[in-house]
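Taking it in order: structure first as structure tokens, then the write-up.
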Amino acid sequence: MAGHACHFPPWDRVSAFFRRWRNHDLVREFHDRLRRLVRERSGRDSEPGAGVIDSQSVKADAVVGSDSRGFDGGKLINGRKRHVVVDTLGVLLAAIVTAADVGDRAVAQVLLTQVTAAHHLLALVWADGGCTSTLVENVLAALGLVLAIVKRSDDMRGFVVLPKRCIVERFFAHLMRSRRLVRDVERSIPSAEAMVYWSTTMLMTRRVARPRPSRP
């Protein structure tokens with residue numbers, strides 16, 4: 001409005017608070033507490049029993065150094081890759097950011113180990129056809145976790161919504177609606193991961209703020 005100046009905090013103070021929250025893992029702690037509230041309000045147990053794993057490659061800005069970026073030959077993208085596991089509500093359970101040339105199978109074992117350590121009720125995770133039978137066997141033996149592969153049949157043509165996989169695709173679509181995440185502009189991997197958690201936190205706050213339907 002004319003005559004009224006917008007007053008924002010000094011950028012260096014905002015950046016300092018972000019780094020402090022990131023370095024002490026407070027971003028993720030706040031996110032995880034909010035996720036439990038969202039699940040309970042949805043009539044679910046606070047801890048998930050199933051999830052979906054997938055990855056998303058995004059272009060990296062010029063500020064991203066060569067040591068943390070790469071070229072995804074399948075997607076033809078030079079940048080970084082976000083590996084995530086979400087619950088059946090489409091809410092983030094864990095995320096790892098790597099260079100885009102890092103294979104999904106190489107990260108999946110690490111990511112699933114983190115998820116099962118944090119969520120002891122997790123018993124089933126759906127994945128795409130890129131996961132090998134060896135990974136399925138290793139995850140079952142080491143983590144006691146069933147990795148169910150959702151494959152696209154050979155006779156499918158064009159865009160097809162696959163069962164369970166659409167959950168994580170909606171999650172990625174939400175990330176791309178966050179202007180900060182359309183392109184990876186973070187100098188460090190920890191900052192890139194923190195921004196993914198912040199985006200999901202905003203999604204959950206909107207869910208919590210919705211009026212709850214009154215019961216008859």
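Residue pairs meeting the ring pair (Phe, Tyr, Trp, His ring centres under 6.0 Å) criterion with at least one partner in residues 72-125, sequence neighbours excluded, are absent. Within the structure, ring pair (Phe, Tyr, Trp, His ring centres under 6.0 Å) pairs that include any residue of residues 31-53 comprise His31-Tyr197 (at least two apart or interchain).
Residues Val208 and Met202 are members of separate hydrophobic clusters, defined by side-chain heavy-atom contacts under 4.5 angstrom among Ile, Leu, Val, Met, Phe, Trp and Tyr. In this structure, Val27 is a member of the same hydrophobic cluster as Leu92, with clusters built from ILVMFWY side-chain heavy atoms closer than 4.5 Å. In the hydrophobic cluster analysis, where Ile, Leu, Val, Met, Phe, Trp and Tyr join through side-chain heavy atoms closer than 4.5 angstrom, Val86 is grouped apart from Leu203. The same ILVMFWY cluster, assembled from side-chain heavy atoms under 4.5 Å apart, contains both Ile53 and Val102. Val85 is not connected to Val97 by any chain of hydrophobic side-chain contacts under 4.5 Å among Ile, Leu, Val, Met, Phe, Trp and Tyr, and they are in different clusters.
Tested against Leu112 for a side-chain contact (heavy atoms from CB on, under 4.5 Å), the candidates Leu135, Leu122, Val107, Val125 yield a single pass: Val125.
Judged by distance alone, with hydrogens and angles left aside, the side-chain atoms of Ser199 form no donor-acceptor pair with the main-chain N or O of Val196 at under 3.5 Å. Distance alone, capped at 3.5 Å, is enough to place a donor-acceptor pair between the Arg69 side chain and the Asp61 backbone. The main-chain N or O of Ser55 is never found under 3.5 Å from a side-chain atom of Lys81 such that the two would form a donor-acceptor pair.
Val58 has its side chain out of reach of Val182: every pair of non-hydrogen atoms, C-beta onward, lies at least 4.5 Å apart. You'll find the side chain of Val185 reaches within 4.5 Å of the side chain of Arg180, heavy atoms only. Proximity of Gln114 to Ile96: side-chain heavy atoms (C-beta onward) are separated by under 4.5 Å at one or more points. Side-chain atoms of Gln109 and Val139, non-hydrogen and from C-beta on, do get closer than 4.5 Å to each other. The closest side-chain heavy-atom distance from Thr113 to Leu143 is below 4.5 Å. Val168 has its side chain out of reach of Trp126: every pair of non-hydrogen atoms, C-beta onward, lies at least 4.5 Å apart.
Considering every non-hydrogen atom in both Ala148 and Leu124, the closest pair reads CB-CD1, 3.8 Å. Closest of all the heavy-atom pairs between Glu40 and Ser46 is OE2-CB, 3.3 Å. Residues Ile167 and Asp87 come closest through the heavy atom pair CG2-O, 3.6 Å. Nearest heavy atom pair, residue Ser68 against residue Arg187, reads OG-O, 4.4 Å. Of all heavy-atom pairs between Thr200 and Phe171, the closest is OG1-CE1, 3.4 Å. The heavy-atom pair separating Asp54 from Arg165 by the smallest distance is OD2-NH1, 2.6 Å.
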Practice problem: Would you check, one step at a time, whether the test side chain to side chain donor-acceptor pair (under 3.5 Å) holds for Ser191 with Arg22? | Solution: CA-CA 7 Å; Ser191 290; Arg22 178 201 65 195; 2.6 Å; yes
Quiz item: Given Leu26 and Arg20, is the side-chain contact (heavy atoms from CB on, under 4.5 Å) satisfied, shown in steps?
Solution: CA-CA 8 Å; Leu26 296 178; Arg20 186 182 306 168; 5.6 Å; no
Exercise. Could you give me the CA-CA distance, side-chain angles and deciding distance for Ser42 and Arg207, then say whether side chain to side chain donor-acceptor pair (under 3.5 Å) is met?
Key: CA-CA 10 Å; Ser42 300; Arg207 289 188 180 185; 5.6 Å; no
Exercise. Using the side-chain contact (heavy atoms from CB on, under 4.5 Å) rule, take Val146 and Leu140 through it: C-alpha gap first, then chi angles, then the decisive distance, then the call.
Key: CA-CA 6 Å; Val146 175; Leu140 181 61; 4.3 Å; yes
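Atom CD of residue Glu137 and atom OG of residue Ser133 lie 5.0 Å apart, to the nearest 0.5 angstrom. One finds the CG atom of Asn78 at 7.0 Å from the CZ atom of Phe71 (value rounded to the nearest 0.5 Å). To the nearest 0.5 angstrom, Ser57 atom OG is 3.5 Å from Asp72 atom CG. Of the inter-residue distances, the one linking Leu37 atom CG with Asp32 atom CG reads 13.0 Å to the nearest 0.5 angstrom.
Scanning for side-chain contact (heavy atoms from CB on, under 4.5 Å) contacts around Ala16 gives Arg13, Arg19, with sequence neighbours left out. Residues that satisfy the salt bridge (charged side-chain N to carboxylate O under 4.0 Å, His left out) test with Glu29, not counting sequence neighbours, are Arg33. For Arg80, the salt bridge (charged side-chain N to carboxylate O under 4.0 Å, His left out) partners at least two apart in sequence or on another chain are Asp184. The salt bridge (charged side-chain N to carboxylate O under 4.0 Å, His left out) check on Glu193 picks up nothing, with sequence neighbours excluded.
Note on ring orientation: taking the six-membered ring where Trp is involved, the planes of Trp198 and Phe30 are tilted (angle from 30° to 60°).
The number of heavy atoms from other shown groups lying within 6.0 Å of CZ (Phe17) does not exceed 12.
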